[in-house]
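Please read the structure below before turning to the comments.
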Amino acid sequence: MLRLAAALFTLFALCLSAVAQAQSPVRVTDAWVRATVPTQRATGAFLKLLSPETLQLVGVRSPVADVAEIHSTRMKGEVMEMRAVSSVLLPAGVVTELKPGGFHIMLLQLKMAVTVGQKVPLTLILENDQHERQEVTVEAYVRPLNARDGIRNTPEN
Ligand SMILES: [Cu+2]
C-alpha cells in the first residue's frame with residue numbers, strides 16, 4: 001500500500017512538472033509605456049523578455065490602442081526611421097530588450113491619453129517553432145514623455 005502511494009505520488013509529481021514545462025514561463029520585466037499629451041495618437045512601449053525556449057514575438061494587443069505594431073528602428077543617414085516588422089526573434093535563455101532606438105512596440109490610434117502613474121495592460125502574442133501560440137499579459141507602467149528607459153525617469157532624462 002505504501003509502495004502504491006509512493007508510486008502515485010511520483011506520477012503526480014511527474015504530471016506537475018510536465019504541466020509546468022508546457023506553460024513555458026516567459027518572463028517579462030521592466031515593461032513601460034511612454035506618456036502622451038492629450039492630442040497624441042501614438043506612443044511606444046518597451047520591455048524585456050526572457051524565454052526558456054526560442055520564440056518569436058508575433059503580435060501585441062492593448063486595450064488603450066486600436067492598433068499595436070512591432071517596430072524596428074534604424075538610422076537612415078541622420079534620421080531615425082521606424083517601420084513595422086512581423087516578428088522579433090527571442091532566442092532561448094537570452095534577454096531580448098525592446099527599447100527606444102531598437103525594436104519596440106508602437107501603440108497606435110490611442111483611445112485615450114496615457115498618463116504617468118497609470119498602468120497599461122499589454123498582451124504579447126508569442127509563437128514557437130511549431131507555430132504554437134501563447135499569450136502573456138503584463139501591466140506596463142507609464143513613464144514621463146522624456147524618459148529614455150524604464151529605470152531612470154527623472155525630468156533631466
Ligand atoms: Cu515605432
Reported [atom1]-to-[atom2] distance for the pair [X] and [Y], which is rounded to 0.5 angstrom:
X: H104; Y: K99; atom1: NE2; atom2: NZ; answer: 13.0 Å
X: M106; Y: H71; atom1: CE; atom2: NE2; answer: 6.0 Å
X: I125; Y: L55; atom1: CD1; atom2: CG; answer: 13.0 Å
X: K48; Y: D30; atom1: NZ; atom2: CG; answer: 4.0 Å
X: Q56; Y: H131; atom1: CD; atom2: NE2; answer: 9.0 Å
X: R74; Y: M80; atom1: CZ; atom2: CE; answer: 13.0 Å

Is there a donor-acceptor contact under 3.5 Å from the side chain of [X] to the main chain of [Y]?
X: R133; Y: L126; result: no
X: T54; Y: P91; result: no
X: S62; Y: P121; result: yes
X: T43; Y: R34; result: yes

Quick check: closest heavy atoms across [X] and [Y], and the distance to 0.1 Å?
X: A31; Y: L47; answer: CA-CB, 3.7 Å
X: A140; Y: V33; answer: CB-CG2, 3.7 Å
X: P52; Y: P25; answer: CD-O, 3.3 Å
X: V116; Y: R143; answer: CG2-C, 4.0 Å
X: S86; Y: I70; answer: O-CD1, 4.2 Å
X: G93; Y: L50; answer: C-CD1, 3.4 Å

Partner set under salt bridge (Lys or Arg N to Asp or Glu O under 4.0 Å) for E139, not counting sequence neighbours: none

Reference residue [X]; test side-chain contact (heavy atoms from CB on, under 4.5 Å); the match among [options]:
X: F103; options: V85, L57, T73, L89; result: V85
X: T36; options: L110, T115, V142; result: L110
X: L124; options: T137, V26, I105; result: I105

Please lay out, stage by stage, how V67 and E69 fare under the test side chain to side chain contact (heavy atoms under 4.5 Å, CB included). CA-CA 7 Å; V67 177; E69 293 179 347; 4.0 Å; yes

Tell me if the CD atom of E78 is crowded by more than 12 foreign heavy atoms within 6.0 Å. no

ILVMFWY network linking L108 to V60, side-chain heavy atoms under 4.5 angstrom: no

Among the clusters formed by ILVMFWY side chains lying less than 4.5 Å apart, do L49 and V136 turn up in the same one? yes

Under 6.0 Å between the ring centres of W32 and F46? yes

